[in-house]
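Below: one structure, written as structure tokens.
All figures in this text were calculated on a predicted structure; none of them were measured in a lab.
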Amino acid sequence: MADEILSVKLRELDGAMDRLRSRIRLSQTADPGQRQAELEEIRREYTQRDAALRRQMQFSRSGFVRSLTDAWDELEDAAARARQRFSAPQAQAEDTHPTPEESIVLAEYALDFAMQAANRALALSLEAMNRQPEPSEREEPQ
């Protein structure tokens with residue numbers, strides 16, 4: 001059972017990574033208007049997926065899932081604080097806003113962090129599969 005659930009999730013992740021690669025490639029040749037439209041679409045999708053995930057977690061009766069929700073909230077808060085520092089009005093007023101190169105470095109590290117998260121998810125999936133009883137252990141003795 002767990003193998004099937006995790007396989008579906010891993011296929012979803014694979015599809016998401018394919019879409020990410022495709023969007024990056026297309027954005028490299030897009031004009032600024034197209035890139036802005038793509039950015040707005042990505043933000044909309046993120047908001048929708050985040051709301052769906054939060055709803056799903058909210059209705060769980062598991063204390064463990066509530067702990068995960070709290071951790072996710074903390075992560076989102078930390079990311080918001082980092083974005084705020086990155087684009088702080090006082091930094092822009094002092095003409096020290098991020099250069100295009102700094103923006104690229106930020107994006108590069110965000111992709112590195114995403115890959116780390118994907119690798120961690122894979123490791124957690126494999127650990128969960130290893131904790132499942134083998135098919136022969138699941139059968140009841142007759």
Query raised in the report: Would you say the side chains of Asp50 and Trp72 form a donor-acceptor pair under 3.5 Å?
Result: yes
Query raised in the report: Which heavy atom in Ser125 sits nearest to a heavy atom in Leu10, and how many Å separate them?
Result: OG-CD2, 4.3 Å
Requested in this report: Check the pair Arg49 / Arg54 against side chain to side chain contact (heavy atoms under 4.5 Å, CB included), numbers first and verdict last.
Outcome: CA-CA 8 Å; Arg49 286 190 182 116; Arg54 287 177 182 283; over 6 Å; no
Query - Cationic N near anionic O, under 4.0 Å, Glu40 to Arg43 - result: no
Report task. State the CG-NZ distance between Leu122 and Lys9, to the nearest 0.5 angstrom. Result -> 15.0 Å
**Report entry** Rounded distance [0.5 Å steps], CG in Leu6 versus CZ in Arg11
**Finding:** 11.0 Å
Query raised in the report: Nearest 0.5 Å, what's the OG-CG distance between Ser27 and Leu39?
Result: 9.0 Å
Query raised in the report: Can a donor-acceptor pair be found between the side chains of Arg120 and Gln116 at a distance below 3.5 Å?
Result: no
Query - From Glu108 atom CD to Phe113 atom CZ, the distance as rounded to the nearest 0.5 Å - result: 10.5 Å
Query - Min side-chain heavy-atom separation Leu111-Leu20 under 4.5 Å - result: yes
Query raised in the report: Do you reckon Leu13 sits in the same ILVMFWY cluster as Leu124, going by side-chain contacts under 4.5 Å, direct or chained?
Result: no
Report task. Give the cluster check for Ile24 versus Leu106: same hydrophobic cluster or not, with ILVMFWY residues linked at side-chain heavy-atom distances below 4.5 Å. Result -> no
Requested in this report: Would you please test Arg35 and Glu38 for salt bridge (charged side-chain N to carboxylate O under 4.0 Å, His left out) and show each step?
Outcome: CA-CA 5 Å; Arg35 279 196 298 270; Glu38 180 70 6; over 6 Å; no
Query raised in the report: Considering all heavy atoms of both residues, which atom of Met57 and which atom of Thr69 are nearest to each other, and what is their separation?
Result: CE-OG1, 3.3 Å
Report task. Side-chain contact test, heavy atoms from C-beta onward, threshold under 4.5 Å: evaluate it for Asp31 versus Gln34 and give yes or no. Result -> yes
Report task. Answer whether the closest heavy-atom distance between the side chains of Thr99 and Ile104 falls below 4.5 Å. Result -> no
Requested in this report: Compare all side-chain heavy atoms of Glu76 with those of Asp73 and state whether any distance is below 4.5 angstrom.
Outcome: no
Query - Pair Glu45-Arg19, salt bridge (charged side-chain N to carboxylate O under 4.0 Å, His left out): steps then yes or no - result: CA-CA 13 Å; Glu45 288 174 10; Arg19 285 187 301 281; over 6 Å; no
